[in-house]
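Beneath this line is the structure, given in structure tokens, with notes to follow.
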Amino acid sequence: MENIEIAKIFHEIADLLEIKNENPFRVRSYRNAGHVIAELPENLKSIVENDEPILDEISGIGKSIHEKIVEIVKTGKCKFHDELLKELPPTILELLQVSGIGPKKVQLLYKELGIQSVSDLEKAAKAHKIHTLAGMGEKTEENILKAIENLKQSKGRFKLGIAMTYAVPLIEYLKNIDGVIHVSEAGSLRRRKETIGDIDILVACKKGSRVMDRFIAYPEVREVLAKGDTKSTVILRCGLQADVRVLDKKSYGAALQYFTGSKAHNIAIRERAKKMGLKVSEYGVFDEKTDKWIAGETEEDVYRAVGLPWIPPEIRENAGEIESALNDKLPHLIDVKDLKGDLHVHTTETDGASTLDEMVESAIKQGYEYIAITDHSKAVSIAHGLDEKRVLRQIEEIDKLNKRFTVYGSRFTVLKGIEVDIKADGSLDLDKDVLAKLDVVAAAVHSRFNMTEGEMTARIVKAISSGIVHIIAHPTGRLINERMPYAVNMTEVLRATKMHNVIMELNSYPDRLDLNDIHCKLAKEMGVMIAISTDSHSRFHLENIRFGIYTARRGWLEKKDVLNTMPLNKALKILKRK
DNA sequence: GCCGTTTTCGGCCCGACTGTTTTCAGTCG
Ligand SMILES: Nc1nc2c(ncn2[C@H]2C[C@H](O)[C@@H](COP(=O)(O)OP(=O)(O)OP(=O)(O)O)O2)c(=O)[nH]1
Ligand SMILES: [Mg+2]
Ligand SMILES: [Mg+2]
Ligand SMILES: [Zn+2]
């Protein structure tokens with residue numbers, strides 16, 4: 001039982017209770033618990049099985065939900081959840097996916113018309129049965145059919161890198177509208193989440209500007225879902241939704257704070273303000289009694305008004321950042337400029353599209369001091385992986401290249417490396433004697449993903465304990481929106497890496513981002529060092545490093561937590577300390 | 001159901017847009 005499955009049960013309980021018209025705060029508790037569990041880095045199953053006490057410390061999980069977690073881990077089910085599903089059919093929950101349909105309408109549709117699924121709803125709307133219900137009219141019927149169509153066409157959450165390619169031109173377009181003063185990305189886009197549900201953009205403009213008219217006239221707009229004076233929502237041709245919020249310059253900071261989120265962070269900030277006798281909204285910080293405006297021009301002003309330093313957007317998830325801010329313990333998040341090299345790249349020798357020389361040239365252009373060439377090993381035959389002989393030949397070639405650099409007085413260094421395959425039994429795909437000649441041995445799983453969690457954990461821990469591996473590359477093997485991570489106990493893996501001085505990779509390829517943000521944070525807490533690498537398969541991929549940096553920042557990583565922020569001699573010392 | 005720089009009881013973020021409403025509930029951000 002994975003955390004995400006447990007979280008799903010609590011989300012369903014929340015939805016079902018809400019449809020039943022239960023106390024909205026009780027509903028919120030279950031929904032919040034689902035959210036907290038989904039973001040939890042440690043495996044709940046292990047926590048419960050090992051009787052670890054940390055559940056009691058997690059805010060949002062009290063007695064009742066704690067008991068239910070134990071029940072779910074031990075029996076695989078939750079009685080309370082099952083009982084609710086006897087009262088309401090499970091498919092009823094899919095109705096909530098239709099935008100414009102909430103718990104109240106679901107209840108009405110089910111009670112009055114027996115509608116249990118989206119296809120039921122579609123039939124009823126087409127047969128004009130909906131408008132007979134209280135509070136629903138012709139327009140509601142039309143909107144339901146449109147919303148079902150949009151749901152069917154929806155491509156779900158977009159990877160950050162893809163979403164950015166659609167957001168950038170829209171932001172440019174908005175900047176060029178008459179009367180516009182500032183435009184900023186907001187929402188999950190600004191927080192650099194690995195996937196983006198919609199594009200949120202904030203605009204500050206002069207009074208009387210016709211920003212909304214121009215926004216919905218953007219050529220990429222496929223459909224306008226809502227248009228108001230300060231807020232509009234459209235669907236773009238690419239399938240992404242875009243929300244634009246327009247406010248006065250005086251409220252820009254408060255609006256940016258609001259629209260950047262996250263929702264949980266906003267609520268926590270507002271609760272805190274309330275206790276201080278203040279009210280926070282997108283319009284500013286106000287005195288609760290007199291309604292007098294206190295702050296709001298900049299984000300710094302807003303945070304200062306509630307007694308906090310400015311908090312970087314990437315960590316605004318209500319996951320400890322407010323407590324850290326209060327104690328003056330906010331991390332100094334890593335910056336792309338801190339990086340001195342890239343420790344995972346491929347060449348044409350295996351499945352790369354650029355030659356060794358091209359990769360090196362691009363790394364120098366990037367401003368790096370070093371790069372490690374880490375081609376695949378022979379087990380990855382699709383990639384024409386290297387056997388021992390070819391590794392030795394590549395070593396010679398790199399030695400020659402480095403000699404040339406010394407002759408020309410360059411300080412750039414090419415490190416000899418490998419991405420050695422971790423075979424199903426946890427052994428490594430190349431002779432130890434050959435691996436020992438390399439500066440950087442990265443190891444990774446490339447096959448047999450469908451092992452049990454115990455088997456996969458043992459396999460990776462064996463590689464970690466080999467005494468020859470420096471870095472575990474793309475440690476969970478996931479491909480965002482494409483392939484789930486394989487089952488592995490991350491806490492155990494991190495414990496092993498800590499013990500054997502092994503480093504965990506944060507793979508910057510935007511489809512991977514592996515370790516993810518949550519696991520990076522856990523690694524840092526456990527004292528495990530991270531290498532942020534691109535796994536470039538072409539010289540152009542070196543630029544993907546920014547996605548790694550985004551994820552690292554979301555994982556609270558600082559310069560000191562990351563191996564490749566160090567100058568070469570220091571990095572090499574750490575690699576040799578084994 | 002959760003929680004406590006006042007609280008173990010009584011609160012729980014705050015506001016925009018839409019449709020059907022004759023004054024606002026529902027949904028969403
Ligand atoms: N105070 C408050 N702010 C909210 C609420 N819902 C959303 N927001 C703010 C914070 C969000 O980051 C921002 C944009 O909302 P979205 O629904 O687009 O969420 P977000 O972009 O964080 O995630 P996404 O990737 O779009 O699913 O609006 C809310 O209920 N209360
Ligand atoms: Mg969003
Ligand atoms: Mg949005
Ligand atoms: Zn690789």
Side-chain angles (χ1 to χ4, degrees), chain A residues 10 13-15 17-19 21-36 55-69 80 95-109 130-144 146-147 186-188 197-202 212 224-234 241-247 251 254-255 257-286 288 291 306-307 318 323 326-327:
Chain A
F10 288 116
I13 290 175
D15 289 344
L17 288 176
E18 205 170 23
I19 291 167
N21 215 356
E22 264 282 351
N23 179 334
F25 301 108
R26 190 168 169 232
V27 169
R28 197 176 99 168
S29 292
Y30 280 106
R31 191 160 288 143
N32 182 243
H35 178 73
V36 168
L55 261 189
D56 300 320
E57 291 160 31
I58 300 169
S59 167
I61 296 179
K63 188 165 173 292
S64 167
I65 288 176
H66 185 153
E67 282 169 8
K68 288 187 177 68
I69 292 171
F80 184 51
L95 291 171
L96 294 169
Q97 303 285 312
V98 180
S99 88
I101 302 291
K104 295 291 185 312
K105 288 205 176 99
V106 169
Q107 188 189 41
L108 193 67
L109 290 164
I130 308 275
H131 75 270
T132 58
L133 301 179
M136 308 226 205
E138 302 284 343
K139 206 69 185 265
T140 315
E141 219 158 54
E142 274 174 44
N143 286 341
I144 284 174
K146 272 191 207 156
S188 50
D198 65 352
I199 298 175
D200 298 297
I201 300 177
L202 178 67
M212 285 311 185
V224 179
L225 295 181
K227 177 173 178 276
D229 295 335
T230 81
K231 189 178 120 175
S232 297
T233 301
V234 304
Q241 205 180 93
D243 285 355
V244 166
R245 193 73 207 259
V246 181
L247 283 107
S251 303
Q257 196 285 324
Y258 150 72
F259 211 25
T260 297
S262 64
K263 174 178 169 177
H265 175 87
N266 286 356
I267 291 176
I269 291 287
R270 289 168 181 211
E271 279 171 347
R272 177 180 161 74
K274 217 175 157 110
K275 284 184 196 135
M276 297 169 72
L278 302 168
K279 183 187 71 171
V280 175
S281 76
E282 59 265 50
Y283 295 99
V285 183
F286 301 84
E288 203 174 26
D291 223 28
V306 297
N318 193 32
E323 293 75 9
L326 268 171
N327 301 324

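Excluded from the calculations below are hydrogen atoms, water molecules and symmetry mates; all remaining heavy atoms, backbone and side chain alike, are included.
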Generate the contact string for nucleotides 9-21 of chain B. Rules: B means base contact, S means sugar-phosphate contact only, - means no protein heavy atom under 4.0 Å. ---BBBSSSSSS-

Roughly, in whole Å, what's the span from [atom1] in [X] to [atom2] in [N]?
X: A:Lys104; N: B:dT27; atom1: NZ; atom2: C1'; result: 10 Å
X: A:Ile101; N: B:dC28; atom1: CD1; atom2: P; result: 8 Å
X: A:Ile144; N: B:dC28; atom1: CD1; atom2: P; result: 11 Å
X: A:Leu96; N: B:dG26; atom1: CG; atom2: P; result: 14 Å
X: A:Leu133; N: B:dG26; atom1: CG; atom2: P; result: 14 Å
X: A:Ile201; N: B:dG29; atom1: CD1; atom2: P; result: 15 Å
X: A:Glu18; N: B:dG26; atom1: CD; atom2: P; result: 11 Å

Tell me every residue that passes side-chain hydrogen bond (donor to acceptor under 3.5 Å, both in side chains) with A:Gln107, counting only those two or more places apart in sequence or in another chain.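 For A:Gln107, no residue satisfies side-chain hydrogen bond (donor to acceptor under 3.5 Å, both in side chains) once neighbours in sequence are set aside.
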
Here the gap from A:His35 atom NE2 to A:Arg28 atom CZ, rounded to the nearest 0.5 Å, amounts to 12.0 Å

Partner of A:Gln241 by side-chain contact (heavy atoms from CB on, under 4.5 Å), out of A:Leu225, A:Val234, A:Asp200: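 Looking at A:Leu225, A:Val234, A:Asp200, the match for A:Gln241 under the side-chain contact (heavy atoms from CB on, under 4.5 Å) is A:Leu225.
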
Counting just side-chain N and O atoms, does A:Gln107 come under 4.0 Å of either OP1 or OP2 of B:dG26?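 The answer is no; no side-chain N or O of A:Gln107 sits under 4.0 Å from OP1 or OP2.
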
